[in-house]
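Following: one structure in structure tokens, then a few remarks.
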Amino acid sequence: MSAVITGLPPDPILERRQLIQLRASQSLARRTLVSRVMTGLLWACLLVTLVPLGSVIVALVGKGARFLSWSFFTTLPQLPSLLSLNRIGGIGNAVVATLIIDALAGLVAVPTGVIVGLYLAEATSPPARFLRSIVEIMTGMPSILLGVFAYEYFVVQMKSYSGVAAVVALGMLMVPFIARAAEIAFRAVPQSLREAALALGARESRIARRVVVPTALPGVTTGVLLALARAVGETAPVLLVVGPTISNLWNVNPLRPMTPLPLLIFGYANSEYPSQRAAAWGVALTLVALVVALTTMSRLITGRMRRERHH
Amino acid sequence: MKTLTPLEGHGSSSDVAERIRRSATSDIPFQFVLRATAALFGAVVILFVWSIVHTAWPAVTMYGIHLVTGKTWIAGAGPYGALPLIIDTLSTTAIALVFVVPIGIASALALQFQVPLRLRGPVASLIELLAAVPSVVYGLWGIAVMVPFFINTLEPFLNHLTGGAWPFNGPQQGFSILLAGLVLAIMVLPTIVAVSRDVIATVPDDLIEGALSLGATRGQVLFRVILPASRTGLLGAVALGTGRALGETIAVAMVIGSNPQLPHSLFSSGATLASTIAVEFGNAVGTEGSALAALALILMVITGLVNAGARVLTRRAVTH
Amino acid sequence: MMKTAQGRLGVAIATLGLVSTMLAVPAGASATLNGDLTFTAADGAASLTPAMGGSTFDFPFFSPAIQTYESKAANVSSANAPTQIPSYGAVGSTSGKKGVIAGTYAVGASDVPMGTVSNGVGLDSSLLTNADAAHTLSSYVQVPVVLGGEAMMYNLPTLNAKYKKTPVKLNSVLIADIFDGKVTTWNNSKICKLNPLIAVVKKNKKGRVISRRCALPKLAITPVFRSDGSGTSYIFSDYLHTTQGANYETPSGTEVYPNTTFNQGQLPSNAVGGYGNPGVASDVVSKVGAIGYVEYAYVLIARATGAQVTSALVVNSKGKTVAISPTSVAADAAAFASTPPTESSNGVVSNFSIVNGNTAGSYPIAGYSWAIVRQDWNHLGTIGSVTASLNSETLVAKFLDWCVQPSGGQAVAKANGYVPLPAYVTALGEHQIASMTYNKASLGLS
């Protein structure tokens, strides 16, 4: 432009504008480049996350799937020896032990956790604040410490390793998780609902039973299922209190030693027999399937909750 | 993260609750059950802490500060100096965090803003699923897949890379604090990604749109707007992961090599507080049993400090 | 809450037990003490499985032994045949001792008898309940159950393939140095010097040797230890202490951790700890260059499942190089035949150590494994997860008795890589079991 009108002094505004445009386009190019690099890095990080996790899944399915069969879940393990190296049998007793221990732990922890959650949601007194910090501390407590506790108070006293001792450790592990989930769910119940029930003359227990708990139920259930999923896979506290790492006995009496699935994985993974080391993957896949079933249920419930809220 | 402080924003509802409590419809048996259960739970927790302190006490009086500063841990005979175990616990956690914090948060950002909408759900489900995989399974994976990979590939490679200098020197046994740290990282990663993503998702759209309208690029929005806006929650996620890494027992016990020593390099075998309790608890009697309870106490204090530190930082971040 | 539930169940079981005891006593006790089983009503009444646990050294024995006993019992055409056989948890010797003291195990298996070392897991009063106030070492019966050797199992597959007939030879000094972290590579000059046959030999045309180069690989040694309390470690420490003297003395008399004998108590920095004999074995199998001490049966299992591991030859006290085998381990035990293990009236077992036998054919690292059981179960309440009763005690005593018989458990032991107990040790075992009582009355196992 300035080439056309010669002789005139350069237009300062025009130059300024050109300069700005130039800088802006340079800046945009640079910023776009930086942005591209950054977002590229993000992609790379996601990939880095997914590769080892994928490797876990591939190993689990690739090495474990061939074990899965009805008889694997229902028959007893057969212990190998020098003369029969490849005997392996099933994991029936471990499946049963896991179900019994975690059902009992749930039986203890669910009511306790829900009631503690209800209390925390309703009360504002100093003891309630104290209890809330206890619950928060307990959610971060390393699980093995609960095993130490259960050993001192149950194994030593009962003079027997037992499913019950594991129930105590796992129950204590679950209560704070459930209580926190329950508290949040209870707090989310609209105050207007309670007030409406109150206006109709309902007693507190009735409000809790008929209004608060049903409304908060999906949230509570999600918390319960997630806590159960965590308890099912816990190994460290169970190792200290429950029984041998490998067992080939049926036992449905929780007052006696048991060998749940996570402990069997630990025992098999540590074995000198390649057959048992291989079977550890079958047990692991079974355990993961159990955990996935629990978490999927909780996700379905959460998903339904979200959809209902949107309606 | 709103869920951490559920009291906030509910001031009016608690007033109403207070009024309900005082009203004629108040229900004494109901309140009793509520309070009794809560008190029972509190009492059991206090009993739990007390039992560990009580069991640890003989070792504490016997060894005093040497229990924490002693460099020698000899199972069965003593002395019981937990310094190597503390250092190994902290170093495996640090190794895990070095990988997990940047990669985890970046993955959360990528998942929330980069991955096509159709893929986002499945990938997120996959990661959440992996967050629920029990630690013993990661331990099994560590022994069966990672130990051979370490021995045959990674350790020789790293050793070659630095020409045999620190930190990749020393015997290459597979079982090492580096492996323990990596297994911890992979275990904690899904949790960090899942929680971080939840946190990032709560950043108000207004903020993002505002930045975009001012001409910010995608990268600028992610790093200059979203990250600062969600730093409190991200801190919470990292604290959660740290706590899990510090207290993880079985996966670490399976891959660390159970040798209570001060690490000489990343290839050094070691033993953490939690893994030592798991391995030695079955046969510990007398002083050793007490010393293991003291390890439990130390672990409790360390995780407590991390949680408290995280809470202070979170609170500070909120007030700023 | 748990206590009352347990209490009620306990009462129920106790009542059952009492009734069946009353039924059983008139039936009389007539058991033959050999490989063939006969049962009385007292056996059939035990309805729960007593828990045994301990040593992983003898786990490859107990596991098939229990199965054999079970199938034999099932074949006995008697209504009295027991439906329950003791179970065995392989948790390590020290845990076994802890368990039998605490009452969580009916039988604790350990490769070192209880109470032989002043400050080890002798008797820990903190584990005892008030009912056990009068509890001393003589409250226990200690029964030798298996005899086994400890292999120095190493993993050098390439070398093994090339020099099939000449495994690496080690002497006690080298073994100590390796597990002390002083000798850290396989081609260390000391190992080479002891192994002239493992060499690349160059000869001239006349067949004269012109050069000899050590063929051991330039590979780091990974010594694998036991991370948990272990009688296998005890036997290993005992061997080093016997051969290397005071440098390897256990500092506070604790018997179960080898690291108490090494390097002022620290494991060497290149060491890895394995959980139980199985853990050590699988660590050695998975790591080329590793060496660990395990019961011989674990080598047999590893080799049978295709692992390229070998047991080192060991130079014994006569200067002879010996491979581990049932024969050489038996020879080692036989070297101590003039001083057989005995138990004195206060419960102390002496002369149990059989390391470093002084005969030419003896493999020097070997030991007996012991089953430790309460002598009298009266008033014990719960033990090994069952109610302590005449029935449950008889069941356990009978099983142990079968274990020490040449035609019973010892045949199983032989088939699984152990050495059958010498006759005088079986006799000690029988004597020990015969001294078991219930409410001060003999069990009547003849």
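So you know, we letter chains A, B, ... as the sequences are listed, proteins then strands, and number each from 1. Values below: all heavy atoms of this structure, side chains included; hydrogens, waters and symmetry mates excluded.
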Residue selection (most heavy-atom pairs with chain A, distance under 4.5 Å) from [options]:
| options | answer |
| --- | --- |
| P102(B), G247(B), A39(B), S51(B) | S51(B) |
| L297(B), V133(B), I277(B), N307(B) | I277(B) |
| I250(B), L130(B), L140(B) | L140(B) |
| V306(B), V115(B), V221(B), L295(B) | V115(B) |

Name the option with the most non-hydrogen atom pairs under 4.5 Å to chain B; the candidates are [options].
| options | result |
| --- | --- |
| P52(A), A229(A), P176(A) | P52(A) |
| I265(A), V56(A), V291(A) | V56(A) |
| V34(A), I57(A), N270(A) | I57(A) |
| L263(A), V283(A), T295(A), L146(A) | L146(A) |
| S55(A), P111(A), A150(A) | S55(A) |
| R230(A), M38(A), R209(A), R277(A) | M38(A) |

Proximal component of [X], with respect to chain A [non-hydrogen, under 4.5 Å]:
| X | answer |
| --- | --- |
| L222(B) | side chain |
| R244(B) | neither |
| I127(B) | side chain |
| V33(B) | both |
| T217(B) | both |
| I186(B) | both |
| S275(B) | neither |
| L246(B) | neither |
| I103(B) | both |
| Y138(B) | side chain |
| A185(B) | neither |

Any non-hydrogen side-chain atom of [X] less than 4.5 Å from a side-chain atom of [Y]?
| X | Y | answer |
| --- | --- | --- |
| F30(B) | R206(A) | no |
| V48(A) | F99(B) | no |
| T37(B) | Y119(A) | no |
| H54(B) | E152(A) | no |
| V44(B) | Y153(A) | no |
| L42(A) | F223(B) | yes |
| L145(A) | F48(B) | yes |
| W281(A) | W141(B) | yes |

Approximate separation, where rounding is to 0.5 Å, of [X] [atom1] and [Y] [atom2]:
| X | Y | atom1 | atom2 | answer |
| --- | --- | --- | --- | --- |
| L111(B) | W43(A) | CG | CH2 | 9.0 Å |
| I137(A) | M300(B) | CD1 | CE | 10.0 Å |
| I143(B) | F266(A) | CD1 | CZ | 8.0 Å |
| T32(A) | Q220(B) | OG1 | CD | 9.0 Å |

[X] versus [Y], closest heavy-atom pair with distance:
| X | Y | result |
| --- | --- | --- |
| S35(A) | G219(B) | OG-N, 2.8 Å |
| L46(A) | A110(B) | CB-CB, 4.1 Å |
| A59(A) | V145(B) | CB-CG2, 4.2 Å |
| R31(A) | G215(B) | NH1-O, 2.7 Å |

Under 4.5 Å from a heavy atom of chain B, the part of [X] involved:
| X | result |
| --- | --- |
| L287(A) | side chain |
| L53(A) | both |
| L47(A) | neither |

Quiz item: If you check every heavy atom in residues 236-244 of chain A against those of chain B, which residues fall under 4.5 Å?
Solution: A236(A), L239(A), L240(A)

Exercise. Begin with the C-alpha distance, continue with both residues' side-chain angles, and end with the deciding distance and a verdict on side-chain contact (heavy atoms from CB on, under 4.5 Å) for M141(A) and V45(B).
Key: CA-CA 11 Å; M141(A) 192 63 72; V45(B) 171; over 6 Å; no

Quiz item: Applying the side-chain contact (heavy atoms from CB on, under 4.5 Å) test to T235(A), which of T249(B), V137(B), V136(B) qualifies?
Solution: V136(B)

Practice problem: Apply side-chain contact (heavy atoms from CB on, under 4.5 Å) to the pair L34(B) and L118(A), showing each step before the final yes or no. | Solution: CA-CA 7 Å; L34(B) 231 58; L118(A) 199 58; 3.7 Å; yes

Quiz prompt | Derivation and outcome, side-chain contact (heavy atoms from CB on, under 4.5 Å), residues F41(B) and V135(A) | solution = CA-CA 9 Å; F41(B) 174 67; V135(A) 164; 3.8 Å; yes

Practice problem: Give a yes or no on whether the backbone of T39(A) and the side-chain of Q114(B) come within a donor-acceptor separation of less than 3.5 Å. | Solution: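 Pair found, side chain donor or acceptor close to backbone of T39(A).
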
Quiz item: salt bridge (Lys or Arg N to Asp or Glu O under 4.0 Å) with E128(B): which residues, sequence neighbours excluded?
Solution: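 Only R299(A) meet the salt bridge (Lys or Arg N to Asp or Glu O under 4.0 Å) criterion with E128(B).
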
